[in-house]
Novice: 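To start, I am sharing the structure in question, which I have written as C-alpha cells.
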Amino acid sequence: MENCIFCKIAAGEIPSNKAYEDDKILAFHDINPQAPVHIVVIPKAHMAAGMNDINAGNADMIAHIFQCIPRIAAEAKLENGYRVVCNCGADAGQTVFHIHFHILGGKKLDEAMA
Ligand code: AMP
Ligand code: ZN
C-alpha cells in the first residue's frame, strides 16, 4: 500500500534491523524501543490496518505470526518472559495502520499494563 511505512520496510525500501523473516512475515527492532528488547512483527502483505480488520480470510496469517512469536522471543533471549502488545486505534496510540504486534522484554516489565 502506498505511503505505508511498514509496507516500505517489508519491501526493503526503508532499512530495518531484522530479527526474523520468512516468506510471509518480518520482525524488526523498533526504532524507538520501549524496553531493552522491542521487536515489531508484521505480515509482509498489507492485509489489515489493525485488530478490527482480522477476519476469517486473514486469520491464518495472524495464527502464523503467533506461532512464530515464541521463536522470535527465544532468538532474542527472552527466556525470562515477554509481553505481546497490539495497539488498536486512537486510545491505544496506534500510529501505523498496517497490523503489527510488539514483542517487549529484556527486563522485568511494569506490572501495570495501562
Ligand atoms: P504503533 O504505535 O502500535 O502503531 O506502533 C508503531 C511502531 O512502529 C512504533 O513503536 C514506532 O516506534 C515503530 N516504527 C515506526 N517507524 C519505524 C521504523 N522505520 N523502523 C522501526 N520501527 C518503526
Ligand atoms: Zn502496509
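Order of listing sets the numbers, starting from 1, for every ligand and every atom in it. For reference, positions follow the sequence shown, starting with 1. Note that the structure is a prediction, hence the values are computed from the model and not measured.
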Novice: Please tabulate, for the side chains in residues 73-89, all donor-acceptor contacts under 3.5 angstrom to protein atoms that are two or more places apart in sequence or on a different chain.
Specialist:
from	atom 1	to	atom 2	distance (Å)
Arg83	NH1	Asp110	O	3.1
Arg83	NH2	Asp110	O	2.9

Novice: Give me the number of protein N, O or S atoms whose distance to the Zn ion (ligand 2) is under 2.8 Å.
Specialist: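 Counting protein N, O and S atoms closer than 2.8 Å to the Zn ion (ligand 2) gives 4.
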Novice: Is it true that Val96 and Ile14 fall in one hydrophobic cluster, defined by side-chain heavy atoms closer than 4.5 Å?
Specialist: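 Yes; tracing contacts between hydrophobic side chains, which count when under 4.5 Å, links both residues.
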Novice: Supply the atom-to-atom distance Lys18 NZ to Ile9 CD1, rounded to the nearest 0.5 angstrom.
Specialist: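 Reported value, rounded in 0.5 Å steps: 10.5 Å.
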Novice: Quick one, list the residues around ligand 1 where some non-hydrogen atom comes in under 4.0 Å, by chain and residue number.
Specialist: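 Contacts of ligand 1 under 4.0 Å: Ile5, Phe6, Ile9, Phe28, His29, Asp30, Ile31, Asn32, Asn87, Gly93, Gln94, Thr95, Val96, His100, His102.
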Novice: Any ring pair (Phe, Tyr, Trp, His ring centres under 6.0 Å) pairs touching residues 25-47, not counting sequence neighbours?
Specialist: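 Non-adjacent pairs meeting ring pair (Phe, Tyr, Trp, His ring centres under 6.0 Å): Phe6-Phe28, His38-His102, His46-His98.
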Novice: Could you give the distance from CD (Gln67) to CD1 (Ile62), rounded to the nearest 0.5 Å?
Specialist: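 Atom-to-atom, Gln67:CD and Ile62:CD1 are 12.0 Å apart.
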Novice: What are the two closest non-hydrogen atoms of Asn3 and Lys8, and how far apart are they?
Specialist: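 Minimum heavy-atom contact is OD1-NZ, 3.7 Å.
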Novice: Are any side-chain N or O atoms of Glu2 and backbone N or O atoms of Cys4, one a donor and one an acceptor, separated by less than 3.5 Å?
Specialist: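 Absent.
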Novice: Closest heavy-atom contact between Ile42 and Ile65?
Specialist: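 Closest approach of Ile42 to Ile65, heavy atoms only: C-CD1, 4.3 Å.
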Novice: Rounded to the nearest 0.5 Å, how far apart are CD1 of Ile5 and CD of Glu13?
Specialist: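 Ile5 CD1 to Glu13 CD: 11.5 Å, rounded to 0.5 Å.
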